[in-house]
Each structure stands twice: as C-alpha cells, then as structure tokens.
Amino acid sequence: MANTAHELHPSVTAVEKDDLVIPIIDFGPFFSGTPSDKHAVALSITDAFKTSGFLYLKAHGIPPSVVSRVFASSARFFARPQSEKDSLGWTTPQSNRGYVAIGREKLATLDETEDIDIQRGSIPDLKETMEIGREGIDGLPNQWPDHIDDEGKDFKETMLSFFEMCKNLHRLIMSAIALGMNLPEHFFDGYVNDGDNNLRLLHYPPVRKQTFQSNPNQVRAGEHSDYGSVTLLFQDRHGGLQVRSPKGTFVDATPIADTIVVNAGDLLARWSNDTIKSTRHRVIEPPKPAGQDPENDSSETYPARYSVAYFCNPNTNKVIEALPGTWGDDIQVTKKYSDITTGDYLVQRLTATI
C-alpha cells in the first residue's frame with residue numbers, strides 16, 4: 001500500500017513522557033516542497049496542536065545569527081541601570097508595551113487565588129521583561145531606549161527587524177494550520193496581516209539555589225497558558241521550561257539548538273472550538289545536567305536565563321468565532337464560546353495578571 005503524504009514526513013519526538021509527546025517538525029518543506037510535502041507539514045503541526053499543544057520547529061527561516069543578535073541586545077538592555085529601565089515602564093493592558101520589573105507580573109488568573117496582590121507579594125515570578133508591540137499605533141507607543149544612547153538605537157533597530165521576521169513566520173504557521181484543518185491555505189491572512197503581536201524579552205536573574213529549596217512554590221514564571229493564537233519561544237541553553245502532561249505532571253521541554261518552541265494559545269483553542277489544545281506550562285529552576293551528582297555540585301546560584309517570546313494574535317479588531325468545520329449539525333457539535341474581538345479578549349486576560 002502506498003504511503004500517504006503525511007507518512008512520508010514523520011516528525012522526530014523531542015519529548016515523550018507521562019503521555020506528553022512533543023515532536024520536532026521540519027518546516028523546510030513548507031517553504032520549498034511539493035504540495036504534498038506542504039500538506040504533510042501542515043498535518044504534523046495541527047496534529048501536535050490537537051494532542052500536546054506544543055511542538056519544536058526547525059528550519060523555520062530565521063537565521064541563528066539573527067537570534068544570537070537579539071539575545072545579545074536583550075542582555076545588554078537588562079544590564080542597564082534600574083532607573084533607565086524604570087523610565088521605560090509598562091503602563092496599561094491596552095498598551096502592553098514597556099518594561100515590567102521583577103515581581104510585578106504574577107502568572108496566575110483571578111479564579112486561582114482569592115487575592116492576586118497577596119500571591120504576587122509572597123511568591124513573585126522571578127523575572128523582568130520588556131514588551132514590544134506593533135509600531136505606529138496612535139496613543140500606544142513602544143518604550144524604546146533610542147533616546148538614551150547609541151546602544152538604545154541599535155536595540156530598536158534589532159527588535160523591529162526581528163518583530164517583522166516573526167510576524168512573517170506567524171503568517172506561515174497560520175497557513176499551515178489552515179491547511180491542516182481543511183481550510184483554504186490563506187484563510188487566516190486577513191486575520192493576521194496587521195501584526196498585532198507582542199515581542200517579549202525575558203530575563204530571569206541569577207537565583208540562589210536556597211530560594212527554591214526553602215520555598216517549594218517558588219518559580220521563575222508561574223503555571224499558565226498563553227493568551228493568543230500561537231507563541232514562538234526562543235530559549236537559551238539553560239532550560240527550565242516545563243509543560244503540563246495529561247497526567248498532571250510537569251515535563252522538561254529541554255532547549256534544542258536552532259529550534260523554536262511553538263505552542264497554541266487560549267484564543268486559538270477558543271477559535272478552534274477546543275479541537276486545538278492550549279497547554280499549561282511554567283518556568284522553574286534549571287534541570288540538573290545529565291550525569292551530574294547533586295552532592296558534588298558546589299555552586300550556590302543558578303545562572304541567569306534569557307528567553308524571547310513572540311506572542312501571536314489575530315488583528316485587534318477581528319471578531320473571533322468558531323472556525324468552519326469545528327461545529328455544526330453534521331458533526332453534532334455546538335459552538336462552545338460566544339464571539340469576541342481579539343482586543344477585548346486580550347485586555348481581559350492581561351488585566352488579570354498585571
């Protein structure tokens with residue numbers, strides 16, 4: 001029997017534990033393969049989103065040299081004096097642009113804690129971030145350090161270029177999702193062409209190991225799901241990302257060089273009438289290197305960790321309703337959610353965390 005197109009391009013498994021399977025998917029054939037190749041990649045991506053909600057993407061078209069430059073520029077930004085960073089501070093959920101200091105954000109929703117202010121103060125997330133949105137929105141300016149020095153000007157140039165690269169990759173991933181869900185390839189183009197996305201630079205400062213030992217609830221970023229359609233996560237080599245398995249355990253999503261961790265967000269799950277999963281995840285202390293004896297580890301501090309997340313969203317003014325094929329009398333499934341605009345949904349979610 002002849003192989004199907006999907007079988008011709010099997011994915012490699014990156015994570016397989018406690019019923020959680022996260023594949024590595026080669027995106028190269030989506031750029032240059034035959035229609036059959038392209039459809040196989042699309043099916044692999046949607047299969048991963050329907051099962052684990054996560055995948056690693058390789059051959060994604062963003063050069064390693066660009067990613068290295070972004071990480072280096074991010075590290076220099078976070079090394080600035082606190083007063084400079086604070087002068088570029090985040091203001092409102094509507095804007096979602098600017099610097100967020102350590103401890104300000106707590107990634108827990110209001111239905112998980114009676115008083116989020118108390119929880120934020122007792123076990124704050126050990127990270128600082130810089131939020132960058134689409135340029136040119138009236139009344140919602142990005143908080144660039146370009147007026148401070150030449151490094152600030154380079155930072156702005158680097159991040160704007162990277163933002164556009166990620167925006168283009170987002171569009172292509174959405175095209176793959178469309179094909180994988182039996183929709184026209186360009187179904188989502190009109191939903192994502194504005195690029196109402198959020199580039200988040202993250203710095204997890206060095207932490208004394210005693211901090212985690214003395215407080216078992218301490219994390220670098222609390223358990224959460226992402227809000228938008230998909231997230232592109234670029235990790236450094238230190239690790240710490242964990243994904244919740246179907247068994248309720250947390251499984252390490254170990255960094256793999258030159259790949260992007262891509263996960264589905266809550267709005268895409270809602271859009272797909274829950275045929276796609278938005279899986280909860282967190283960032284904890286880095287895992288022990290393989291073969292290392294904890295008894296012989298004399299270091300007292302975990303090193304700093306940097307990551308870059310590009311949160312992809314539909315255009316702010318677009319109404320999100322259940323996708324064709326995910327509901328209807330023919331499949332005996334009803335719409336689970338009321339229609340909502342992207343902007344209203346994201347503001348609701350951001351208001352609950354900051």
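All residue numbers in this chain count up from 1 along the given sequence.
- Here the OG atom belonging to Ser175 is positioned 5.0 Å from the CG atom belonging to Asp189, to the nearest 0.5 angstrom.
- Few gaps surround CZ on Arg76; more than 12 heavy atoms of other groups in view lie less than 6.0 Å from it.
- Of the N and O atoms on the side chains of Asn313 and Ser229, not one donor lies less than 3.5 Å from an acceptor on the other residue.
- Rounded to the nearest 0.5 Å, atoms CZ (Phe71) and CZ (Phe162) are 7.5 Å apart.
- Checked by atom type, the side-chain pair Asn197/Tyr310 shows a donor-acceptor distance below 3.5 Å.
- For Asp330, the CG atom counts as densely surrounded, since its 6.0 Å shell holds more than 12 non-hydrogen atoms of other residues, nucleotides or ligands.
- Contact of the Val12 side chain with the Pro23 side chain is not registered, since no non-hydrogen atoms from C-beta on lie closer than 4.5 Å.
- Side-chain contact check for Asp37 and Thr34: at least one donor-acceptor pair (N or O, by modelled atom type) lies under 3.5 Å.
- Note: Asn96 CG to Ile132 CD1 = 11.0 Å, rounded to the nearest 0.5 Å.
- Residues Arg69 and Thr158 have side chains that bring a donor and an acceptor to within less than 3.5 angstrom of each other.
- Every salt bridge (Lys or Arg N to Asp or Glu O under 4.0 Å) that Asp274 has, sequence neighbours left out, goes to Lys336.
- Between Asp146 and Lys153 no salt bridge is recorded (no basic side-chain N to carboxylate O distance below 4.0 Å).
- There is a side-chain donor-acceptor pair under 3.5 Å between Tyr99 and Glu128.
- Between Arg97 and Glu131 there is no salt bridge, since none of the side-chain N atoms of the basic residue sits less than 4.0 Å from a carboxylate O of the acidic one.
- By the salt bridge (Lys or Arg N to Asp or Glu O under 4.0 Å) test, Asp19 is found to be paired with no residue, residues two or more places apart in sequence or in another chain being considered.
- Residues Asp226 and Arg280 are not paired through a salt bridge, judged by the lack of any N-O separation under 4.0 Å between the basic side chain and the carboxylate.
- For an aromatic pair to be called close, the ring centres must be under 6.0 Å apart, and Phe77 with Phe155 satisfies this.
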Would you please test Lys38 and Glu185 for salt bridge (Lys or Arg N to Asp or Glu O under 4.0 Å) and show each step? CA-CA 10 Å; Lys38 202 169 185 177; Glu185 179 178 349; 2.8 Å; yes

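- In this structure, Lys58 places its NZ atom where only 12 or fewer heavy-atom neighbours from other residues, nucleotides or ligands lie under 6.0 Å away.
- Summarising the local packing, NZ of Lys335 is surrounded by more than 12 heavy atoms from other residues, nucleotides or ligands at distances under 6.0 Å.
- Relative ring orientation between Phe187 and Tyr191 is described as parallel, the plane-to-plane angle staying below 30° on a 0-90° scale split at 30° and 60°.
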Evaluate Arg80 against Asp149 for salt bridge (Lys or Arg N to Asp or Glu O under 4.0 Å), listing each step before the verdict. CA-CA 11 Å; Arg80 287 181 177 275; Asp149 51 30; 2.8 Å; yes

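- Below 30°, between 30° and 60°, or above 60°: for Phe54 and His281 the angle between ring planes is above 60°, a perpendicular geometry.
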